Amino acid sequence: MMLYERMMQECVILEKQRLSDGEGGTITTWREGAHIMCAITQNNSMQAKIAEHDGVTSTFRITTSRQVKLDYHDVIKRIEDGVIFRVTSNAEEKTSPSFSTIDMSVVSAERWELPNE
């Protein structure tokens, strides 16, 4: 078992739903979708620290297996503590090749609050 696999925790992908409010408008709700395993680490690079100092939210790296395809603006919730993250990159940018014995895909993310909850 690889080190990053030992760090993985259960998470759930949150799906955005827009429902009718009965008065011609919509209500945005979030429901739990697929459960996945992720290793979530805070980005402590100098660039990230400078960005945080300038007011940008904390940045994180989310590592999953290649089969989990996280896309830009996907939202996930860590089951253990309920912390929510929004993906800020695409998985295909940092995914190990299919012939590799390392089965990983990495996206960047930010800590996020669900709107309209």
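All values derive from a computational prediction rather than experimental measurement.
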On a heavy-atom basis, the closest approach of Asp74 and Lys69 is OD2-O, 4.0 Å

4.5 Å side-chain heavy-atom contact, Leu70 and Thr64: yes

Worked verdict on Ile79 versus Val12 for side chain to side chain contact (heavy atoms under 4.5 Å, CB included): CA-CA 7 Å; Ile79 298 295; Val12 62; 3.8 Å; yes

Is there a side-chain contact between Ile84 and Leu114 in this structure, where contact means two heavy atoms from C-beta onward sitting under 4.5 Å apart? yes

Closest contact, heavy atoms only, Ala109 versus Ile62: CB-CD1, 3.5 Å

More than 12 heavy atoms of other residues, nucleotides or ligands under 6.0 Å from CD of Gln67: is that the case? yes

Intermediate values then yes/no, side-chain hydrogen bond (donor to acceptor under 3.5 Å, both in side chains), Thr88 and Ser108: CA-CA 5 Å; Thr88 58; Ser108 58; 3.0 Å; yes

Are the side chains of Thr29 and Leu19 in contact, using a 4.5 Å heavy-atom criterion? yes

Between Met8 and Thr63, what is the shortest heavy-atom contact and its length? CE-O, 3.6 Å

Which distance, rounded to the nearest 0.5 Å, do you find between the CZ of Arg31 and the CD of Gln17? 4.5 Å

I'd like to know if Arg78 pairs up with Glu10 as an ion pair, taking the criterion as any Lys NZ or Arg NE/NH1/NH2 lying under 4.0 Å from an Asp or Glu carboxylate oxygen. no

With the threshold set at 4.0 Å, does a side-chain nitrogen-carboxylate oxygen contact exist between Glu110 and Arg86? yes

Determine the minimum heavy-atom distance between Arg66 and Pro97, stating which atoms define it. NH1-O, 3.0 Å

Between Phe60 and Gln42, which heavy-atom pair has the shortest distance, and what is it? CD2-CA, 3.5 Å

Indicate yes or no: at least one non-hydrogen side-chain atom of Arg61 is less than 4.5 angstrom from one of Val107. no

Could you tell me whether a side-chain N or O of Ser96 sits under 3.5 Å from a main-chain N or O of Met104, the two making a donor and an acceptor? yes

Minimum side-chain heavy-atom gap Trp112-Val75 below 4.5 Å: yes

Does some side-chain heavy atom of Ile40 sit less than 4.5 Å from a side-chain heavy atom of Phe85? yes

Minimum side-chain heavy-atom gap Leu14-Ile76 below 4.5 Å: no

Is there a side-chain contact between Thr28 and Lys16 in this structure, where contact means two heavy atoms from C-beta onward sitting under 4.5 Å apart? yes

When rounded to the nearest 0.5 angstrom, what is the spacing between CE in Met7 and SG in Cys38? 12.0 Å

Can you measure from CD1 (Ile13) to NZ (Lys77) and round to the nearest 0.5 angstrom? 13.0 Å

Under a 3.5 Å distance rule, please check whether Asp71 uses its side chain to pair with a backbone N or O of Asn90 as donor and acceptor. no

